[in-house]
Amino acid sequence: MDTSQNVYSKLADNLLAWYAQNRRALPWRDHPDPYAVWISEIMLQQTRVESVRPYFERWMAHFPNLATLAAASKEEVLRLWEGLGYYSRALHLHRAAQIICERYDGQLPHSQSELLQLPGIGPYTAAAIAALAFGQDAIALDGNLKRIFARLFDVDTPLGNAQTEKCLRALTQAHLPHGKAGDYNQALMDLGALVCTPKNPQCERCPLQQGCLALARNTVHLRPVRPLKKRIPHYDVVAAVVMHKQHLLLARRAEDRLLGGLWEFPGGKVRPKEPFEHALQREIREELGAEIEVGAPLGTYRHAFTHFRITLRAYLCRLQANSPLPQALEHTALAWVTPTDCAAYPMGKVDRQIATHLLEEGFPLVSD
DNA sequence: GATGCGTGGAT
DNA sequence: TATCCAAGCAT
């Protein structure tokens with residue numbers, strides 16, 4: 001008789017039975033190899049399944065295995081990632097692939113401690129790979145699991161709080177069916193995505209409703225308790241489409257900053273009460289050591305980042321006759337391109353909109 | 001431990 | 001339109 005805890009809890013029983021009938025068909029579930037699990041887990045960080053789906057398919061077609069990823073260029077990797085956001089994920093993925101090739105003969109390590117050493121892999125992803133790819137008893141404590149267990153046990157302390165996290169980890173661990181961590185984790189993620197959703201949860205369809213304390217107390221909509229949010233600032237930003245000798249200027253952003261590694265039309269924040277044209281001349285002088293004439297406005301773009309919003313105004317610009325050529329003083333590279341060339345340069349959303357606009361509206365023919 | 005890091009969809 | 005938020009990680 002097994003007297004250890006290797007007796008599945010009623011919770012896990014009900015959950016796994018529900019999962020057997022309701023599991024989602026997801027592209028990465030058709031790929032049994034650890035590489036696919038890893039790629040999908042990185043893409044899914046803070047990102048919705050429906051956003052990830054086409055990116056994953058395209059990525060696997062382009063980089064079918066770890067070796068092809070390791071051999072790729074950063075530009076290629078970022079181009080395939082463009083639009084997914086949090087671009088350091090792509091650069092970390094690329095660097096980790098190279099480390100795995102060198103240090104582990106191209107095979108993802110199995111232990112969570114070794115996985116944790118790799119760039120872009122934190123506690124969640126290490127546990128997810130260990131459980132889903134290698135069948136280990138690990139808890140991938142993501143937002144879904146936290147939400148579900150905060151409701152099941154009516155946890156009334158805020159997420160992010162160390163005590164709350166410890167409590168939720170203990171609760172999820174206590175119900176883990178040994179040897180079935182892969183299904184357990186994925187079942188909870190599917191339940192969180194399909195039934196125990198952040199808004200309008202479908203409690204009447206939930207396989208765990210009988211044991212849900214928040215449902216019994218009518219506090220489901222209050223759980224989990226979210227930490228207080230800060231107001232996000234708004235900035236006016238200007239960007240220069242610098243034309244010179246029938247080409248326009250792109251600049252590559254530093255890799256450790258916002259939109260790291262992506263190419264942009266250079267510019268920057270407008271200071272309070274500063275005229276837009278003046279701000280643009282100042283930014284180009286500071287960043288590129290060049291003097292420009294600011295010409296026609298090319299458009300206004302509003303965009304929301306996670307922690308601030310911008311209104312960006314783009315202007316057609318030319319180098320002043322006596323200006324030095326632009327240099328990459330704050331960027332990592334510069335390129336003179338045509339609008340058609342832009343497709344090859346990974347960009348963030350707004351810069352891509354500007355590039356597309358230039359392509360569609362025609363390249364302004366300015367002689368100089 | 002707090003902050004910085006994208007984007008698109010739902011409400 | 002504004003807000004919320006979705007399978008976190010690095011510093």
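Letters A, B, ... are given to chains in the order of the sequence lines, protein chains preceding strands, and every chain is numbered from 1. Note: hydrogens, waters and symmetry copies are ignored here, and every other heavy atom, side chains too, is used.
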* **Phosphate OP1/OP2 of dT3(C): any R231(A) side-chain N/O under 4.0 Å** => no

Can you identify which nucleotide, out of [options], has its nearest atom closest to the [X] side chain?
X       : options                 : answer
L26(A)  : dT3(B), dA7(C), dG6(B)  : dA7(C)
Q45(A)  : dG8(C), dT11(B), dG6(B) : dG8(C)
H307(A) : dC5(C), dG4(B), dA7(C)  : dG4(B)
Y87(A)  : dA2(B), dA7(C), dT7(B)  : dT7(B)
K229(A) : dG6(B), dC4(C), dC9(C)  : dC4(C)

Classify the nucleic acid contact of [X] as base, sugar-phosphate or nothing, counting any heavy atom under 4.0 Å across all strands shown.
X       : answer
W28(A)  : base
K146(A) : nothing
L145(A) : nothing
I42(A)  : nothing
V49(A)  : base
T125(A) : sugar-phosphate

[N] to [M] separation - [atom1] atoms, rounded to the nearest Å:
N      : M       : atom1 : value
dG8(B) : dA10(C) : C1'   : 24 Å
dG1(B) : dT11(C) : C1'   : 11 Å
dA7(C) : dT11(B) : P     : 15 Å
dG6(B) : dC5(C)  : C1'   : 13 Å

* Any chance CZ of R257(A) has more than 12 other-residue heavy atoms, nucleotides or ligands included, within less than 6.0 Å? ->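 12 or below, so no.
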
* To do: With ring-ring contact (aromatic ring centres under 6.0 Å, His included) as the test, would you mind laying out the steps for F305(A) and H307(A) before giving the verdict?
  => CA-CA 6 Å; F305(A) 292 91; H307(A) 50 294; 7.6 Å; no

* Could E50(A) and R53(A) be called an ion pair, given the rule that one side-chain N must be under 4.0 Å from one carboxylate O? ->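 Looking at R53(A) together with E50(A), the answer is yes, because their closest N to O distance falls below 4.0 Å.
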
* Ion pair present between K146(A) and E165(A), side-chain N to carboxylate O less than 4.0 angstrom? -> yes

With hydrogens left out and only the distance checked, is there a donor-acceptor pair under 3.5 Å joining [X]'s side chain and the base of [N]?
X      : N      : answer
R48(A) : dC5(C) : yes
Y86(A) : dG6(B) : yes
R24(A) : dA7(C) : yes

* **Position toward the 5' end of DNA chain C (nearest nucleotide), A304(A) or L118(A)** => A304(A)

* **Position toward the 5' end of DNA chain B (nearest nucleotide), A162(A) or G348(A)** =>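 Nearer the 5' end of the strand: A162(A).
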
* To do: First locate atom CD1 of I148(A), then atom OG1 of T172(A), and finally report the distance between them rounded to the nearest 0.5 Å.
  =>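 The OG1 atom of T172(A) is 10.5 Å from CD1 of I148(A), to the nearest 0.5 Å.
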
